[in-house]
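What follows is a set of notes on a single structure, which appears directly below.
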Amino acid sequence: MEILLISGVFLVLMFLGMPIGTSLGVAAVVTIWQFNLGIEMLGVNFSAGIASFPLLAIPFFVLAGVILERAGLAATIARFFELLVGRMVGGLAVVSVLTCMFWGALSGSGPATTAAVGLILLTPMIKHGYDKSFAGATIANASDLSIIIPPSIAFIIYGNITSVSVSALFLAGIIPGLITGAGTVLVAWLISRKRGYHGTERRGTPREILAALRKSIWALLSPVVILGGIYTGVFTPTEAAVVAVFYSLFVAVFIYHSITWRDFIHILVDAAVTSSVIMFIVVFAGIFTWAASVIGVVDRAAAFIVSISPNAVVMIILVDLLLLALGMILDAISISYLIMPILIPVLTAFHLDPLWYGVVFISALAIGQATPPVGVNLFTAANLINGDIDAVAKEAIPFVLMDVVVLIIISIWPILSLYLPVKAGLYVP
Amino acid sequence: MSDKKETFRIDYLLAAGFLLAMAAIAFVNVLSRYFANFSFAATEEITINLFVWMTVVGAGIAFERGGQMGMVTFYNIFPKRFKKVVIVIGGLLSAALFLVVNIYMIQAIYDELTLFHAKSGALGIPVWIYYIGVPVLSLYVFRGIFRQTRVRLRELDC
């Protein structure tokens, strides 16, 4: 009865196409009412669900990303990589993957990366003879990296739900993110070679490369500023995020002279709205999860998962399949709130490391975002090329297969995720 | 990028102002913690409460822009008349959700003013001052939901 009420209301509203936050909120309120869980606390709980210092990292990272985007930094980064590797086979495809990886280190959101990099590189790719669906699929898939490569909003949310250190999660994402990036480059290169996509006509001269490096150095340094502070333990993620905001502002105003006061107000509004969209889901997902756990739904779901198989490997594979499926229809934040509270007791039962599992969990969700039929990144890319989502989806399949191989690799070797955080002294497994 | 004469709407300015204030206070905190010997850490309380206010104003703008995340896979294949029903019910439910939140928020504010008189932990500000932003700024949420519902219904008729 309890399960039917809370999940039934949520699922019906969600499938009808209501906002996810509304669906979660209404299901939670109905449940709290029905079971007398203290509806009079709703107002204060709404406020308390947002007023959290760790979650402040979300608006700050979003703001830093929007500033750098409006300052036109994605173009300078792309130009640098183009001069560096543009001449090799599939040059522009490789450039777009590298730019997405780098942009992922500045921004924490997949669709935002698809849009930022796509606007710059899709036109040159199509002009150089790349199939436009392939170009869209490459960028949509490479944008996944932005939620594995820190800073990542998904990791901040995971840390908020599981109480795992966000700093440790950020560092844990670096090596798996680089491996995924290398895999994506490999797939783009193999397909380009098979189809005869050539690189740009000539290699940049050392002088040109140096000039492009000088122009993009401030952008290229931002991940160092953001992650360096976290790695050395000097800054918490929220502090690193606010430093990133002022660093980006400094670069945009004093180095590139590319934003005005008026632009700055637009930037602030857009960053505030983007953060609110995330927080609207976060706050009602939090109340939803709380209600689900008080009426015992979470415990029963966890007990059910543990009872399926005594084998941890089987459990991980089954949950990964579930995450891949959910990732195709829902955003990473909602899925984290719906699934992670159930998985925490399961991880304990199987003695699995929650930090390592965070990387596996978020990677599985990232794949879903670029998986046919309905990954959000694919939609963004299809819109950018005015193309057919099905055509883009078809081109995305080789990338998704590669992603699954990488997911298996990071699932088998936890050391890949745990090495950096342990080395930095931020985590003891 | 934009016309010189353009003036910004109040809700835009509020959202921008809250975010800027949050970032500025947090930045001063970082500087004072690492480069000076005194701390403004108590002001963290203001930052996180501005975050609540920013979220409410921003949610209103997001509703108006149709920017809230939702799953449209099935919605897109619904017949037109059913779409209209879904749009209206969705608008009503979103508004009802914020209405319920605000009813209990106003109740909490009333209790604070008459019974508890609680002060915030770090700065000693009466907590109702932080709370009151939610019902006041929620007016923008209701407006945003209303405008979005109207626009979507009109688009279906075209």
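Since the model is a prediction, treat every value here as computed from it, not as a measurement. Residue numbers start from 1 in every chain, and the chains themselves are labelled A, B, ... in the order their sequence lines are given, proteins ahead of strands.
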Legend entry - Rounded distance [0.5 Å steps], CE in Met69(B) versus CD1 in Ile281(A): 3.5 Å
Legend entry - Residue pair Thr22(A) / Phe63(B), side-chain heavy-atom distance below 4.5 Å: yes
Legend entry - Approximate separation, where rounding is to 0.5 Å, of Leu31(B) CG and Phe246(A) CZ: 8.5 Å
Inset, instruction - Below 4.5 Å from any heavy atom of chain B, which atoms of Leu13(A) appear? Answer side chain, backbone, both or neither. - result: side chain
Legend entry - Flag side-chain contact, heavy atom, 4.5 Å: Val101(B) against Phe284(A): yes
Inset, instruction - Under 4.5 Å, counting heavy-atom pairs only, tell me which of Ile20(A), Leu42(A), Val44(A), Leu268(A) racks up the most with chain B. - result: Leu268(A)
Inset, instruction - Please state whether the side chain, the backbone, both or neither of Val234(A) comes within less than 4.5 Å of a heavy atom of chain B. - result: both
Name the atoms and distances for all side-chain donor-acceptor pairs under 3.5 Å in residues 12-20 of chain B, with sequence neighbours left out.
none

Inset, instruction - Side-chain contact test, heavy atoms from C-beta onward, threshold under 4.5 Å: evaluate it for Val134(B) versus Phe46(A) and give yes or no. - result: yes
Inset, instruction - Side-chain contact test, heavy atoms from C-beta onward, threshold under 4.5 Å: evaluate it for Met41(A) versus Tyr104(B) and give yes or no. - result: no
Legend entry - Nearest-0.5 Å distance, CG of residue Asp111(B) to CD of residue Glu40(A): 10.0 Å
Inset, instruction - Sort Ala108(B) into side chain, backbone, both or neither according to what part of it lies under 4.5 angstrom from a heavy atom of chain A. - result: side chain
Legend entry - Top contributor to chain B interface from Ile278(A), Val277(A), Asp270(A), Val283(A) [non-hydrogen pairs under 4.5 Å]: Val277(A)
Inset, instruction - Grab the two heavy atoms, one from Leu97(B) and one from Val26(A), that are nearest each other, plus how far apart they are. - result: CD1-N, 3.9 Å
Legend entry - Separation of Phe235(A) CZ from Arg33(B) CZ (nearest 0.5 Å): 10.0 Å
Legend entry - Smallest separation among heavy atoms of Val273(A) and Ala62(B), with atom names: CG1-CB, 3.8 Å
Inset, instruction - Decide if atom CG of Leu115(B) counts as having more than 12 heavy atoms of other residues, nucleotides or ligands within a radius under 6.0 Å. - result: yes
Inset, instruction - Test side-chain contact (heavy atoms from CB on, under 4.5 Å) on Val245(A) and Phe27(B) and set out the steps. - result: CA-CA 9 Å; Val245(A) 167; Phe27(B) 191 57; over 6 Å; no
Legend entry - Contact class of Ser23(A) relative to chain B, heavy atoms under 4.5 angstrom: neither
Legend entry - Pairwise side-chain contact, Tyr75(B) with Met18(A), heavy-atom cut-off 4.5 Å (strictly under): no
Inset, instruction - Select, from Val127(B), Val100(B), Ile106(B), Asn49(B), the one with the greatest count of heavy-atom pairs under 4.5 Å involving chain A. - result: Val100(B)
Inset, instruction - Name the option with the most non-hydrogen atom pairs under 4.5 Å to chain A; the candidates are Gln107(B), Lys83(B), Arg65(B). - result: Arg65(B)
Legend entry - Under 4.5 Å from a heavy atom of chain A, the part of Ile89(B) involved: both
Legend entry - Contacting region of Leu56(A) [heavy-atom separation from chain B under 4.5 Å]: both
Inset, instruction - Please work out whether the ring planes of Phe74(B) and Phe15(A) are parallel, tilted or perpendicular, with thresholds of 30° and 60°. - result: perpendicular
Inset, instruction - Identify the heavy atoms of Pro59(A) and Met54(B) that sit nearest to each other, and give their distance. - result: CB-CE, 4.3 Å
Inset, instruction - Go through Ser52(A), Ser275(A), Ser334(A), Ala241(A) and name the one with the most non-hydrogen pairs under 4.5 angstrom from chain B. - result: Ser52(A)
Inset, instruction - Below 4.5 Å from any heavy atom of chain A, which atoms of Phe51(B) appear? Answer side chain, backbone, both or neither. - result: both
Legend entry - Side chain / backbone / both / neither for Val29(A) at chain B, heavy atoms under 4.5 Å: side chain
Legend entry - Region of Tyr130(B) in contact with chain A, defined by heavy-atom distances below 4.5 Å: neither
Legend entry - Segment of Ala271(A) engaging chain B (4.5 angstrom heavy-atom cut-off): both
Legend entry - Nearest heavy-atom neighbours spanning Val242(A) and Ala23(B): CG2-O, 3.3 Å
Inset, instruction - Could you check if a side-chain atom of Phe280(A) sits within less than 4.5 angstrom of a side-chain atom of Thr55(B), using non-hydrogen atoms only? - result: no
Inset, instruction - Among residues two or more places apart or on two chains, list those pairs meeting side-chain hydrogen bond (donor to acceptor under 3.5 Å, both in side chains) that have a residue in residues 84-93 of chain B. - result: Lys84(B)-Asp157(B)
Legend entry - Closest contact, heavy atoms only, Phe78(B) versus Leu16(A): CE1-O, 3.7 Å
